[in-house]
Number of protein chains: 2
Amino acid sequence: MKDYSITDAVACLRAAGVPVTLQRVEIARVLFAQPVHLSADQILARVRESAPDTSRATVYNTLRLFREKRLVRALLVDAERVVYDSNTTLHHHLYDIDTGEVRDVAADEVMVTGTPRLPPGVELEQIDVILRVRSGRS
Amino acid sequence: MKDYSITDAVACLRAAGVPVTLQRVEIARVLFAQPVHLSADQILARVRESAPDTSRATVYNTLRLFREKRLVRALLVDAERVVYDSNTTLHHHLYDIDTGEVRDVAADEVMVTGTPRLPPGVELEQIDVILRVRSGRS
DNA sequence: GTACTTGCAAATTGTTTGCAGACAC
DNA sequence: GTGTCTGCAAACAATTTGCAAGTAC
């Protein structure tokens, strides 16, 4: 995670129009050092490694903010497992029901074709494709 | 809903290997009279129209049972909106973020092509495609 | 008659909110 | 200095669980 410096994180937040604070920088470093799929609690745990006094509420509030600013996407893989995806480029997901693991699937590996007729005035926001698999391993 | 009789519901449950009880029959009638996308609470409300003493816990337990028996699919359209889909044939979904409305999209309207390389021993369980749209109407 | 179901209420989990003190600028 | 953010704890919503009484077969 050291390849993503505090300076980089600050720049990223500023560019997105997010006021910079210590906690937001730490959360950004966890998310943007590399593409990850983490739950709010996993993010909290990682943030606390470097900023032990961070509260759960701050993580939730910050994740909501990041989502509004389009810095991360919430991915609904399971009713009790919402993960935050720091890869905002076009891609799909493979979800292992047994292990809970989430993997990216490149946009050219699985293609979605055809445009459904949308009612007038309705605009397409995003397309989610989730391949749910069972590995047997739990 | 009268086009889906109690006898039909009983037959459906028996065929799926689900022991028949009054509440399960009423829940089945709500779900299987026509294809629907309903939340647990909406299902509870409809069931209580004909069986007023049904408890919320029974609806949740029954929905879990139906899911295991592949009678319904849980659809994660929104973190705070899980709906149960009684259409188990191959199709996709269109979700209106503003109104919460869920519409079916025929399998031939949007096609998913390409088979991603799956790790060995992993088997594909299902593919979910959700088109998220904004209508502006709230 | 026996085992499985139900209803109720309490427990659990994931997330949001209110408020007083603390930090960014 | 001022307005925003944070931490804490309480509030909240959705779902699950334990247990005693009821029901299917």
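So that the names make sense, note that chain A is the first sequence line, chain B the second, and so on, each numbered from 1. Reckoned from all heavy atoms, side chains included, excluding hydrogens, waters and symmetry mates.
Each of B:R48 and B:E80 has a nearest nucleotide on DNA chain C; the 5'-most of these lies closest to B:R48. Between A:N61 and B:R56, the residue anchored closer to the 5' end of DNA chain C is B:R56, taking for each the nucleotide with the nearest heavy atom. Mapping B:T21 and B:D41 onto DNA chain D by nearest heavy atom places B:D41 closer to the 5' end of the strand.
Using a 4.0 Å heavy-atom criterion, one finds that A:T54 contacts the sugar-phosphate atoms exclusively. Using a 4.0 Å heavy-atom cutoff across all strands shown, B:R67 reaches no nucleic acid atom at all. Using a 4.0 Å heavy-atom distance criterion, A:D53 is classed as a sugar-phosphate-only contact.
In this structure, A:N87 and A:P35 approach most closely via the heavy-atom pair CB-CB, 4.2 Å.
For B:L13 and C:dT5, the CG to P distance is 12 Å, given to the nearest whole Å. Nucleotide D:dT6 holds its P atom 12 Å from the CD atom of A:E26, rounded to whole Å.
Within the 4.0 Å cut-off from OP1 or OP2 of D:dG7, at least one side-chain nitrogen or oxygen of A:Q23 is found. The phosphate of D:dC25 (OP1 or OP2) has a side-chain N or O of B:R14 nearer than 4.0 angstrom. Between A:T58 and D:dG7, a side-chain N or O to OP1/OP2 separation shorter than 4.0 Å is present. Put simply, A:S39 has no side-chain N or O that comes within less than 4.0 Å of OP1 or OP2 on C:dG14. Taking only side-chain nitrogens and oxygens, B:R24 comes nearer than 4.0 Å to OP1 or OP2 of C:dT5. Using a 4.0 Å cut-off, some side-chain N or O of A:R64 falls inside it from OP1 or OP2 of C:dT17. Taking 4.0 angstrom as the limit, A:Y60 places none of its side-chain polar atoms (N or O) nearer than this to OP1 or OP2 of C:dT16.
A donor and an acceptor atom, one from each side chain of A:E26 and A:S50, are located under 3.5 Å apart. Counted by atom type alone, B:N61 and B:T58 present zero donor-acceptor pairs between their side chains at under 3.5 Å.
Electrostatic pairing of B:R56 and B:D41 counts as a salt bridge here, judged by a charged N lying under 4.0 Å from a carboxylate O.
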